[in-house]
Amino acid sequence: MTDVSVLIPVLDEGRWLRDTAAAMLAQRGAGDLELLFVDGGSTDETPAILAELAASDPRVRVLRNPARIVPAALNVGLRAARGRYVARMDAHAWYPPDYLARGIARLERGDVDWVTGPAVPRPTGRWARRVALALGSKLGQGGSAKWGAASGERELDTGVFGGIWRRELLEELGGWDESFTVNEDAEMAGRVLSRGGRIVCVDAMATGYAPRDDLRALARQYWRFGLFRVRTSHRHPVALRPAHLVSAAIAGSALAALAAPRPLRRPARAMTALYAAAVAVESARIAPRPAEATPIAAALATMHLAWGAGFLAGCARFGPPAAGIRRALSSAARRR
């Protein structure tokens, strides 16, 4: 029997695929390995690269994902997996050579259900470098413990980045919920935590990933994150953190500053000005040179405002996640 099956959703990943696949195939110490690349109908060079990989290495299998969404790809892979352990890897991320071995070793020690590593931005373009700097700031991390490498091990909530599981756990959970086209890992994390399970981030498993290299793409990504965080928080109140409410408040204040009735505009504009000042100060602090401060501020504002606007749109579409909001406010009050 295979020791570990790696599920890799792919869709037009030709830009990265040869490089990232080489890092996956270089995994050591994890026993027998299979890589299941699940293609959602790529139209770039991805299919040709996958065919080359499968022809040159028997550990590579290529599967099809007609639904073209990530959770469906993961479920296709899970059904085909032969490993005792299952890992998710992304085709635009670079994993250390002992990622799988460390994750399996931690699972075998017991007392945890899900092992992952922190996400460390690995920029490949001008805007991606600015986004990476923004994500390295406390203002850019959204209160999640999944960001940045340190040392040791830390507990995670629903803010997760891939990971490794025992296969039987995923089968008990029924795989990924395909109605969550975004936030599918956060939704699954909510189910694990609701069962009393533990999710840990092992800092030695730090993984590089490619941030968006375009502000419009970044805005679309974060808007979708905010929108689906509402759905996730309806189902799993633990998924909502105080920092999420701050982003929603920032977006709401910016909107009110422009369009609210006159008596509300002044406090909304004051709050928006305070936010802009905080972003400006932080951007100047982390900028490698003064000319980069403004683009970094644009990246931070794009993340905050797009996420917050998506969250507000989600509240309008799905209804406010009242239990999650109460929990986040209570958590913020306890920290004071």
Side-chain angles (χ1 to χ4, degrees), residues 9-17 39-44 46 65 67-74 90-93 119 121-137 139-144 146-147 158-162 176-187 209-233 239-241 243-244 246-252 254-255 258 275 279 283 294-318:
V10 291
L11 180 63
D12 294 335
E13 300 283 6
R15 178 180 177 186
W16 329 100
L17 193 51
D39 187 20
S42 297
T43 57
D44 65 352
T46 295
N65 170 27
R68 297 175 59 86
I69 58 173
V70 170
L74 294 169
D90 287 343
H92 46 267
R122 177 174 164 174
T124 57
R126 183 178 63 175
W127 273 104
R129 286 192 293 272
R130 294 160 176 169
V131 173
L133 287 168
L135 286 169
S137 160
L139 288 185
Q141 295 179 2
S144 175
K146 74 177 181 181
W147 295 106
T158 59
V160 290
F161 181 69
W176 285 263
D177 187 331
E178 296 183 18
S179 71
F180 280 77
T181 55
V182 180
N183 263 21
E184 71 284 341
D185 276 344
E187 190 284 322
Y209 86 101
R212 296 294 193 272
D213 194 30
D214 174 86
L215 281 187
R216 289 185 180 179
L218 184 70
R220 287 194 298 271
Q221 179 188 34
Y222 273 74
W223 189 88
R224 295 176 75 213
F225 285 166
L227 180 76
F228 273 85
R229 183 60 58 164
V230 176
R231 276 203 68 202
T232 308
S233 302
L240 200 61
R241 293 189 293 270
H244 292 144
V246 172
S247 288
I250 290 167
L255 180 62
L258 296 172
Y275 164 71
V279 168
S283 300
T294 297
I296 293 170
L300 277 169
T302 296
M303 290 189 289
H304 294 152
L305 292 170
W307 195 100
F311 186 86
L312 295 176
C315 288
R317 180 173 171 181
F318 306 118

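Residue numbers run from 1 in the order of the sequence given. Keep in mind that the numbers below use all heavy atoms, side chains included, and drop hydrogens, waters and symmetry copies.
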Q.
My understanding is that only residues two or more places apart in sequence, or in another chain, count here; which of them pass ring pair (Phe, Tyr, Trp, His ring centres under 6.0 Å) with Phe225?
A. Tyr222

Q: Say whether, by atom type as modelled, one donor and one acceptor occur between the side chain of Asp39 and the main chain of Ser42 under 3.5 angstrom.
A: yes

Q.
On the six-membered ring of Phe311, is Arg229 placed so that its NZ or CZ lies under 6.0 angstrom from the centre and within 45° of the ring axis?
A. no

Q. What's the shortest heavy-atom distance between Leu227 and Arg317, and which atoms?
A. CD2-NH1, 3.7 Å

Listing, residues 296-307 side-chain donor-acceptor contacts under 3.5 Å, not counting sequence neighbours, or none:
unit_1 : atom_1 : unit_2 : atom_2 : d
Thr302 : OG1    : Ala298 : O      : 2.7
His304 : ND1    : Tyr275 : OH     : 2.7
His304 : ND1    : Leu300 : O      : 3.3
His304 : NE2    : Leu139 : O      : 2.5

Q | For Ala91 against Pro9, the heavy-atom pair lying closest together | A | CB-O, 4.1 Å

**Q.** Thr232: side-chain hydrogen bond (donor to acceptor under 3.5 Å, both in side chains) partners, not counting sequence neighbours
**A.** Asn183

Q. Residues in side-chain hydrogen bond (donor to acceptor under 3.5 Å, both in side chains) with Asp177, at least two apart?
A. Ser179, Arg235

Q) Do you know the tightest heavy-atom contact between Pro295 and Trp127? A) O-CZ3, 3.4 Å

Q. Judged by atom type as modelled, is there a donor-acceptor pair below 3.5 Å linking the side chain of Asp44 to the main-chain atoms of Thr46?
A. yes

Q: Write out all pairs satisfying salt bridge (charged side-chain N to carboxylate O under 4.0 Å, His left out) with one or both partners inside residues 214-224, taking only residues at least two apart or from two chains.
A: none

**Q.** Set of side-chain hydrogen bond (donor to acceptor under 3.5 Å, both in side chains) partners for Asp213, sequence neighbours left out
**A.** none

